[in-house]
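Written below as structure tokens is the structure these notes are about.
Below, chain A is the first sequence line, B the second, and so on; all start at residue 1.
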Amino acid sequence: DTGVSQDPRHKITKRGQNVTFRCDPISEHNRLYWYRQTLGQGPEFLTYFQNEAQLEKSRLLSDRFSAERPKGSFSTLEIQRTEQGDSAMYLCASSRPHLRGANVLTFGAGSRLTVL
Amino acid sequence: SQQGEEDPQALSIQEGENATMNCSYKTSINNLQWYRQNSGRGLVHLILIRSNEREKHSGRLRVTLDTSKKSSSLLITASRAADTASYFCATETGTASKLTFGTGTRLQVTL
């Protein structure tokens, strides 16, 4: 168990470029989450997958954002035509339901995006 | 949107003192969890309390939950410099499988 891995850790890009982040969850976890966190704020939910199915998307996830989890393993989050407002830390987390249904998340270290 | 709000936003104490932070939330919950985040890193789960529980302990952590007031508190006893971090409450509600996080309390423990 190597934890949740995210790549890259830092990405600097120019406005209008596309960026893609990858998340490798804990192997036995069937749920995978993407959150966005800006400075001084708590994480905001973007989307989550159960196995390969994307079950919920936040209204924060505009049509420039797309997430995939092919084969229910790793996931990618792509942002097209980046804007300066997309600058944030993108956090991935995974989980498996605990006994009695509680959902405890294991987070990766995050991918920090800076849009110039 | 943020479900919870932590209070205070920032807290500075000396090593050995106790730290208390509070979380208020808006809707009925299944459980409430506390996470810690060191600067620039991911979040780490600390403790979970279910809606039918009122108090839980884990090491130097004590969590209380008052569902009538929709609030929770996290007490860290005998704080250490290594406790310096941001602390977030997160709620799991209804049939939703996601957690909704609060705005966080930044704790600074000085020697």
Side-chain angles (χ1 to χ4, degrees), chain A residues 3-7 9-10 23-26 29-51 53-61 88-114, chain B residues 1-10 21 23-26 29-53 56 58 63 65 72 74 85-108:
Chain A
V4 177
S5 299
Q6 292 190 246
D7 183 70
R9 291 292 311 280
H10 303 275
C23 173
D24 287 90
I26 293 172
H29 286 186
N30 63 341
R31 292 180 179 171
L32 186 147
Y33 300 79
W34 287 99
Y35 283 81
R36 181 172 68 187
Q37 186 179 27
T38 54
L39 197 62
Q41 298 296 312
E44 293 181 297
F45 171 79
L46 293 178
T47 188
Y48 101 92
F49 294 82
Q50 181 154 309
N51 300 312
Q54 188 172 19
L55 296 186
E56 188 174 346
K57 292 193 291 186
S58 164
R59 286 170 294 175
L60 292 174
L61 212 65
M89 176 79 88
Y90 290 85
L91 294 164
C92 176
S94 67
S95 77
R96 61 179 177 186
H98 280 214
L99 291 175
R100 295 160 58 196
N103 201 25
V104 173
L105 303 188
T106 302
F107 280 86
S111 292
R112 181 169 296 284
L113 174 64
T114 302
Chain B
S1 63
Q2 313 263 211
Q3 152 84 305
E5 295 213 356
E6 275 94 334
D7 170 57
Q9 288 187 329
M21 51 205 87
C23 168
S24 60
Y25 57 91
K26 299 173 185 173
I29 60 172
N30 297 338
N31 63 74
L32 185 144
Q33 304 176 33
W34 286 88
Y35 287 76
R36 182 185 73 212
Q37 184 177 37
N38 290 89
S39 180
R41 304 295 298 275
L43 286 78
V44 175
H45 178 258
L46 295 176
I47 192 165
L48 176 151
I49 186 165
R50 298 179 191 278
S51 60
N52 61 351
E53 297 174 319
K56 283 192 77 172
S58 176
V63 173
L65 180 65
S72 173
L74 172 68
S86 291
Y87 292 81
F88 296 91
C89 66
T91 54
E92 189 172 1
T93 61
T95 56
S97 295
K98 65 185 182 189
L99 294 186
T100 304
F101 285 83
T103 52
T105 292
R106 292 185 306 282
L107 174 65
Q108 176 76 43

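In terms of heavy-atom proximity, Phe45(A) sits nearest to Leu60(A) at O-CD1, 3.8 Å.
Using a 4.5 Å cut-off between heavy atoms, Glu6(B) does not touch chain A at all. Of the two parts of Leu99(B), the backbone and the side chain both hold a non-hydrogen atom closer than 4.5 Å to a non-hydrogen atom of chain A. Heavy-atom distances place both the backbone and the side chain of Leu105(A) under 4.5 Å from chain B.
Most heavy-atom pairs under 4.5 Å with chain B, from the set Met89(A), Gln37(A), Arg9(A), Gln6(A): that is Gln37(A). Contact tally against chain A (heavy-atom pairs below 4.5 Å) for Leu43(B), Asn38(B), Asn31(B): the top residue is Leu43(B).
The backbone N or O of Leu65(B) lies less than 3.5 Å from no partner atom in the side chain of Ser72(B), so there is not a single donor-acceptor pair.
Partner of Thr47(A) under the side chain to side chain donor-acceptor pair (under 3.5 Å) criterion, chosen from Lys57(A), Glu56(A), Gln54(A): Gln54(A).
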* Asked: Run the side chain to side chain contact (heavy atoms under 4.5 Å, CB included) check on Leu46(B) and Tyr87(B) step by step: do they pass?
  -> CA-CA 9 Å; Leu46(B) 295 176; Tyr87(B) 292 81; 3.7 Å; yes

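Between Tyr35(A) and Phe101(B), the ring planes are perpendicular. Angles over 60° get that label, and only those under 30° would be called parallel.
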